[in-house]
Structure formats: C-alpha cells, structure tokens
Amino acid sequence: MTSPLTQLRKFVAPEIIFGDGARHAAGNYVTTFGAEKVLLVSDPGVLLAGWVSDIEAKLLEANIAVERFTAVSPNPRVDEIMAGAEIYRETGCKAIVAIGGGSPMDCAKGIGIVTAHGGHILDFEGVDTIRVPIPPLIFIPSTAGTSADISQFAIISDQQRRMKFSIISKAVVPDVSLIDPEVTMTMSPYLTACTGVDALVHAIEAFVSTGSGPLTDTHALEAMRLISSHLEALVANPADGELRAQVMLGSMQAGLAFSNAILGAVHAMSHSLGGFLDLPHGLCNAMLLEHVVAYNYEAAPERFKRVAEAVGIECRGLSQQQIKTALFQYLVDLKHAVGLGGTLGKMGVSRSDVPFLTNHALGDPCILTNPRRSNSRDVAVVYEEAL
C-alpha cells in the first residue's frame with residue numbers, strides 16, 4: 001500500500017535570489033539569457049513609487065535596452081496582455097522583466113505566452129495548454145503575498161465575461177525570482193494586509209489540498225508560522241524592515257507550497273468574485289476564508305488541527321469542534337486586526353448574484369483540489385454565509 005510519503009508528487013520552482021538588493025541582479029540574468037532588449041512590465045502604482053526607474057537604470061547600466069509597458073490594471077485584463085504582446089514583438093524584445101504585485105507579473109506571463117504562440121490569450125485558458133517555450137521571465141515582486149513570481153499560475157480578468165480565468169502550466173513558472181524585501185517598503189498598510197492575508201490563504205489551502213505532500217507541507221507550515229507571527233505587527237509598523245523580510249519570506253514559502261499542491265475553494269470562489277466586482281484579490285480571499293475553512297474542516301480535521309497549531313493556537317486537550325471554533329475565531333480576529341473586516345454584502349454582492357458566482361467558481365481549476373468535494377449548493381451556501 002502506498003504511503004503519503006511515497007506517493008508521486010511534482011515540485012517546480014524558479015531560481016530564487018532572496019534578500020535586500022536582490023533586484024540589482026536583474027541585469028546579470030538578462031545578460032545570461034542573451035537578451036539585448038527587454039520589455040519591462042509594471043503598473044502605474046509601482047511606476048509612481050519609483051521602482052520602474054530603479055530597475056530600468058540598472059538594466060541600462062548593463063547595456064540592456066528597455067521598452068516599458070506599465071498599462072496594467074489591478075486585475076490584469078485580456079486587452080492589456082494583447083497590447084503588451086504587440087509592443088514586445090514590434091520593438092524586438094527578447095526577454096521580459098516584471099516588477100510589481102501579482103497583476104504585472106501575471107500580465108507578463110500572458111504576454112510571454114502570446115508572443116511565443118501567436119493567437120489570443122483566451123486560447124490558453126486551462127491546464128497545460130502551452131505548447132512551446134515562452135521568453136525568459138525575470139520577476140521582482142513588490143508585494144508580499146501573490147507569489148506570482150514563484151507559481152505556475154497566471155490569473156487573467158476577462159471583462160466581457162466578468163470573470164477571471166486561470167492558465168496553469170510549469171511553462172509560466174518564472175526563470176528567476178528576485179525577492180527583495182526593500183521593494184515592499186512602499187506598500188500601504190492596506191495593501192500589506194491584503195497581500196499578507198492572501199499569502200496566509202495560500203499556505204492554508206496548500207496544506208489541506210488533495211495535492212499536498214511532503215514536498216509542500218514544510219513550506220506551507222513555515223509560511224503560516226511566519227505570517228501569523230508578523231503580519232499584524234507589520235501592518236502597525238510598515239517601515240520595519242525586519243518585519244517586511246519575515247512576511248516576504250512567509251509569502252515565498254507559501255508560493256512554493258501552493259504552486260505545487262494547488263489551492264482550494266477559497267481561491268476558486270475568490271477568482272469568481274474578483275472577476276465579477278473587480279476587487280483586490282486578497283480582500284476577496286479575506287471575506288471568504290473562515291467560511292470556507294468551516295465548510296472544509298470535517299473533510300480534513302487532523303490537517304486543520306496542524307493549521308491551528310501553526311498559527312499559534314494551543315490545541316492540547318481540545319476537541320475537534322473546539323479547535324474548529326478557535327481557528328474560525330482566530331481568522332476573524334486577524335482580519336479585523338489588519339483592517340479587512342468587510343463582508344460580501346458591504347462590497348455590493350447580493351443574494352441574486354450568488355448563482356452567477358457559484359457557476360464560475362465551480363469551473364475554476366482550484367476547486368478540484370479542495371479537500372471536500374463541492375457541488376453548486378455547497379458553494380452557494382458558503383457565499384451566502386459570507387454576505
């Protein structure tokens with residue numbers, strides 16, 4: 001009989017450079033890939049913060065020509081990817097450098113897919129749809145949460161369908177991730193909270209996922225420990241470099257876990273919600289988290305007990321029901337402590353929207369590795385509880 005330890009599991013990851021100043025290695029890596037010109041992908045907020053100019057200057061010092069593309073929305077859109085791919089081709093770029101949160105990095109992945117294949121980004125929705133190698137990707141995350149710089153996911157917003165769709169392939173795992181805690185110093189406390197909760201959800205969902213295993217469990221548990229121990233303090237003290245580094249490390253660990261174990265119903269439902277209302281992804285996760293945990297708990301009680309222990313809940317002598325209650329309350333309290341106490345109703349979701357949201361959530365690949373099998377009524381009830 002096969003044990004959990006001997007079950008076949010995959011693990012993919014980029015080359016990672018972690019630490020203050022890691023971003024300065026971008027030029028060396030572009031040169032290693034033999035690219036004389038790059039498309040530098042970012043968004044208006046990161047541009048305003050000065051990081052685009054910072055990276056561009058380092059690339060120019062390395063004699064690398066740069067074409068900027070910074071017209072990326074908070075949830076990257078189909079038309080933005082197509083526009084970026086056209087600029088890449090027209091200007092003769094040979095690699096992509098992205099600096100920003102999940103949106104510029106996911107947009108950069110989409111640009112790479114389209115430039116390699118031709119066609120339209122919508123042609124590649126789903127799992128393992130990429131047929132040929134895409135251009136080299138060198139990513140510099142400016143937030144501690146999305147882990148798009150680690151993962152084999154690209155999440156794109158289709159405005160016409162009012163939904164997000166996923167492209168999942170090891171082909172979109174970046175070649176290099178330059179994880180520089182200094183770059184996160186310009187994040188607002190609100191964005192710090194949103195992305196930090198997103199990273200915590202990555203770790204929890206990866207740990208209870210049906211695709212979890214020894215290769216991902218250690219990363220997921222350490223991510224939970226780091227984020228639960230430091231996120232609230234970081235939101236209160238956003239200029240603390242050590243706290244930034246700890247949460248950034250937690251985000252990286254969570255990314256290594258979820259990219260390989262995949263996720264669950266929180267993300268499936270969050271993708272549907274974020275596409276519907278164009279809300280920040282971390283906020284969507286936060287509004288759904290404790291409700292999905294309560295729904296899933298009975299399917300993996302021992303796993304959730306370890307989640308509770310990892311976030312600092314003393315479980316000795318407690319029944320499973322008591323642990324479930326304590327974990328639920330911990331998640332609610334953490335969200336309120338970092339300023340994310342909203343509900344779906346307050347964000348404009350009504351009960352009449354639930355069927356639309358449910359339908360798209362059930363079509364999301366993340367639902368496939370949720371620890372509890374979910375039908376439309378199950379998902380609808382969770383949405384209704386979060387209203």
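Not measured: the values here are computed from a predicted model.
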Tell me every residue that passes side chain to side chain contact (heavy atoms under 4.5 Å, CB included) with [X], counting only those two or more places apart in sequence or in another chain.
{"X": "Ala49", "answer": "Trp51, Thr186"}
{"X": "Ser151", "answer": "Lys109, Phe153, Phe258, Ser259"}
{"X": "Arg225", "answer": "Glu222, Ser229"}
{"X": "Pro44", "answer": "none"}

Sequence neighbours excluded - ring-ring contact (aromatic ring centres under 6.0 Å, His included) pairs with any residue from residues 114-151:
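Residue pairs passing ring-ring contact (aromatic ring centres under 6.0 Å, His included), neighbours aside: His117-Phe124.
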- Query: Got a sec, which pairs hit ring-ring contact (aromatic ring centres under 6.0 Å, His included) with one end in residues 328-355, sequence neighbours left out?
  - Reply: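 Output for this query is empty, none listed.
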Does [X] have any side-chain hydrogen bond (donor to acceptor under 3.5 Å, both in side chains) partners at least two apart in sequence or in another chain, and if so, which?
{"X": "Glu90", "answer": "none"}
{"X": "Ser270", "answer": "His281, Asn285"}
{"X": "Thr192", "answer": "Arg244"}
{"X": "Glu182", "answer": "Arg23"}

Do [X] and [Y] pair up side chain to side chain, a donor and an acceptor below 3.5 Å, judged on atom types alone?
{"X": "Glu125", "Y": "Ser166", "result": "no"}
{"X": "His267", "Y": "His202", "result": "yes"}
{"X": "Glu302", "Y": "Gln320", "result": "yes"}
{"X": "Ser157", "Y": "Asn75", "result": "no"}
{"X": "Thr31", "Y": "Asn28", "result": "no"}

inquiry  = Determine whether the aromatic ring centres of residues His360 and Phe356 are separated by less than 6.0 angstrom.
reply    =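 Yes.
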| In terms of side-chain geometry, is the basic nitrogen of Asp217 or Arg9 positioned less than 4.0 Å from the acidic oxygen of its partner? |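 No salt bridge links Asp217 with Arg9.
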Are Arg131 and Asp123 close enough for a salt bridge, meaning some N to O gap below 4.0 Å?
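No salt bridge links Arg131 with Asp123.
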| Who pairs with Lys58 by salt bridge (Lys or Arg N to Asp or Glu O under 4.0 Å), at least two apart in sequence or on another chain? |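 Listed in chain order: nothing, the list is empty.
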Below 3.5 Å, can you tabulate the donor-acceptor pairs from side chains in residues 379-387 to any protein atom, sequence neighbours excluded?
{"residue": "Tyr383", "atom": "OH", "partner": "Met269", "partner atom": "O", "Å": "2.9"}

